S.K.: 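I'd like to ask you about the structure that follows.
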There are 2 protein chains.
Amino acid sequence: MSTVRGVRQPTIKEVASRAGVSPMTVSRTLAGGRNVRPDVQERVMAAVRELGYYRNENARSLRPGQPSGLIGVAITNLANPYYGNFALGVEEVAAEHGRRIILGNTGEDDARERQLVSDFIGRQVDGLILVPTSGDAAHLRPERLGEVPLVLASRRVPGLDADTVLLDDVGGAYRGTAALLDAGHTRIGFLGNRSSVFTGERRYRGYERAMTERGVPVDPAIVARDQQDVDAASRAARAMFDLADPPTAVFSANNRNTIGAMREIGRRLRDGVPGPRPAVVSFDDFELSELMPVPVTIIDHDARLLGREAATLLFSRLDGSAEGPARTVELPVSIESP
Amino acid sequence: MSTVRGVRQPTIKEVASRAGVSPMTVSRTLAGGRNVRPDVQERVMAAVRELGYYRNENARSLRPGQPSGLIGVAITNLANPYYGNFALGVEEVAAEHGRRIILGNTGEDDARERQLVSDFIGRQVDGLILVPTSGDAAHLRPERLGEVPLVLASRRVPGLDADTVLLDDVGGAYRGTAALLDAGHTRIGFLGNRSSVFTGERRYRGYERAMTERGVPVDPAIVARDQQDVDAASRAARAMFDLADPPTAVFSANNRNTIGAMREIGRRLRDGVPGPRPAVVSFDDFELSELMPVPVTIIDHDARLLGREAATLLFSRLDGSAEGPARTVELPVSIESP
DNA sequence: CTGTTAGCGCCTTCAA
DNA sequence: TTGAAGGCGCTAACAG
């Protein structure tokens, strides 16, 4: 037995000739069978089965105006479970609408994002969903995208007016910080992303607002805003805790910073380093938070839901049920006390 | 200003007429510019820019034998960080080869997998990578797939001889269990997936082999093999620890079971439930394992690498550098003691 | 170096 | 109820 490699996919013509009909009859049968005699339909379907025929979707969508059934999705980091869940949400809604997703990972790289978007457009995607890298917006302008609708998720792009799905970053950070203040803390550290990261800026704003509203000054010595990964976060936490006047509580603006802070707290406990056992508020959930040696409050949200909302917004443009100016959906977050 | 929606994507013809050349000259220019005068190329590229033209990849790949540049990827659960990383690895290698991935989530559903595969074939994917659900293999047979190469990842499909990338499940589980035995444990519980799950079966086999080789009997009372999620794992752990003769150590066959076991262990400590503080070996890493209240050994591996290997195997078929019978790559795992 | 012709697989349109 | 013609966007193959 030789392999089947090299055997071209059968075409509609081959199905037609095997069923003894014209290609059009096959096409009509596959399209639902309107105006095709039942017995003919059966002959056609038999031929389809025997040949292992699959309709060529690319050829099908060649005709302008025909949807390709593809949604282009570009995210910044698939390895982050947050974005995995996001992608899952998008995929679910796309599947519910009979669409498939083409997925690209940008790795926070501008050039890569541009490249992905071009490719997506070239593949005739019906729509685009992306978690933008904080770059410029030229390649996302309507005149570049033509009629392809775009939804941004998690972040905005400066100067680009597009449908957007966000979390309530400011509100969540505000409430989380307020919870610490209510518990009597006044020396509250901040761990987060640099301000050029959209969510980093917003979450800092929430923290800052809660502090100043209560008349508690923000001390730059215990604000660290440039940690993108767990190791950097650990180091930042360490430096903060080593101060003569360390924070009694920490607001962590995302999962990576929280894990880093926890590692450092754990290290100090294991090594018997004296000093604070700071309470922690974490924007983003993490597993086993209940086993941590310090009280942890979680600002929780649902990335999958965010993905579903993004896709829903996109499809509302695609089916024409939403028109007009760009919309922003801001999803609520919930505070879970220890 | 009205919206740009409804403006069709420009075609090669429009670029041609704007540049004052024939479509072929545009095509040649876009293909690299061989045999096109430099000044003409510049005119063409100018027209491309001005019109915001993107080559229609679907039309391009219409011609039989032309690759579509798409790889179909179907995985069981994108929300699981393990598979997120896997998908990332596939995406990386695909991108290195100038390919894009179409991603579908099967949710362990057979019918969905069949549907996804049909759709992928219909979209003329150049290859398929899938984490199969433990169903039958009819839709994956070569005669159904035509010339589209297939790589299975993480699991095998009974009765299907296809390129496969696996972890060293048996060896990893064996070594992990042996580590517990070496530490003097003889009463070692097992938490894992049902035996119909490929990895569940293999990891149990490694556990069993280590036990019997050392002459330690496997006690069914402390073997729980049917937990697919964290809650079920917690319950199974609880039942096991509540026994009159509880295990002094636990082998957990995957991340979900480990988290469940940890939750239960944490609960018992918090609530002051008397009883064992079992040592744990976990197949799959998890964050903050060093903060756990019991010693944890990790059987670690790299899902991203698994994805990269799967894609590499696929491309070796696509470019003809690998021919002949199906291959299996088994990636090693590493044991990290507490 | 450039253009014309033809055809990939499918489906809309029109005719029978 | 069925089929034939034509064209979607693009590019090999073949002129010129």
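Numbers restart at 1 for each chain; the letters A, B, ... are given by sequence-line order, proteins then strands. All values reported here derive from a predicted model rather than from experimental measurement.
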S.K.: Between B/Gly20 and A/Glu14, which residue's closest nucleotide on DNA chain C lies nearer the 5′ terminus?
M.R.: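 Per heavy-atom nearest nucleotide, the more 5' residue is B/Gly20.
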S.K.: Going by the rule salt bridge (charged side-chain N to carboxylate O under 4.0 Å, His left out), which residues pair with A/Arg43 if we only count those two or more places apart in sequence or in a different chain?
M.R.: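 Salt bridge (charged side-chain N to carboxylate O under 4.0 Å, His left out) list for A/Arg43, sorted by chain: empty.
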S.K.: How would you list, by chain and number, every residue that makes a ring-ring contact (aromatic ring centres under 6.0 Å, His included) with A/Phe315, sequence neighbours excluded?
M.R.: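 Expected list: A/His97.
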S.K.: Quick one, give me the B/S/- string for nucleotides 10-16 of chain C, reading 5' to 3', where B means a protein heavy atom under 4.0 Å from the base and S means that only happens at the primed atoms, P, OP1 or OP2.
M.R.: SBB----
S.K.: For A/Arg43 and D/dT1, give me the distance from atom CZ to atom P, rounded to whole Å.
M.R.: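 It is 15 Å, rounded to the nearest whole Å.
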S.K.: Is the backbone of B/Leu145 close enough, under 3.5 Å, to the side chain of A/Gln9 for a donor and an acceptor to pair up by distance?
M.R.: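 Yes: the side chain of A/Gln9 pairs with the backbone of B/Leu145.
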S.K.: Looking at C/dG9, C/dT2, D/dT2, which one has an atom nearest to any side-chain atom of B/Thr25?
M.R.: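 Out of C/dG9, C/dT2, D/dT2, the nucleotide with an atom closest to B/Thr25's side chain is C/dT2.
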S.K.: Let me know which of A/Thr312, A/Leu314, A/Leu306 forms a side chain to side chain contact (heavy atoms under 4.5 Å, CB included) with A/Val165.
M.R.: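 Result: among A/Thr312, A/Leu314, A/Leu306, A/Leu306 is the only option passing the side chain to side chain contact (heavy atoms under 4.5 Å, CB included) with A/Val165.
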S.K.: Measure from the side chain of B/Arg37, starting at C-beta and using heavy atoms only, and say which of D/dT2, C/dT2, D/dG9 lies closest.
M.R.: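 Of the options given, the side chain of B/Arg37 lies nearest C/dT2.
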S.K.: Give the rounded distance in Å between these two atoms: CG of B/Asn35 and C1' of C/dG3.
M.R.: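 For the pair B/Asn35 CG and C/dG3 C1', the rounded distance is 13 Å.
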S.K.: Whole angstroms only, please: what is the CG-C1' distance between A/Leu62 and C/dC8?
M.R.: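 These atoms are roughly 9 Å apart.
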S.K.: Please check: side-chain N/O of B/Arg155 versus main-chain N/O of B/Pro132, any donor-acceptor pairing under 3.5 Å?
M.R.: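 Checked: pair present.
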S.K.: Hey, could you give me the CG/CG distance between A/Asn80 and B/Leu88, rounded to the nearest 0.5 Å?
M.R.: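 Nearest 0.5 Å value for the CG-CG distance: 11.0 Å.
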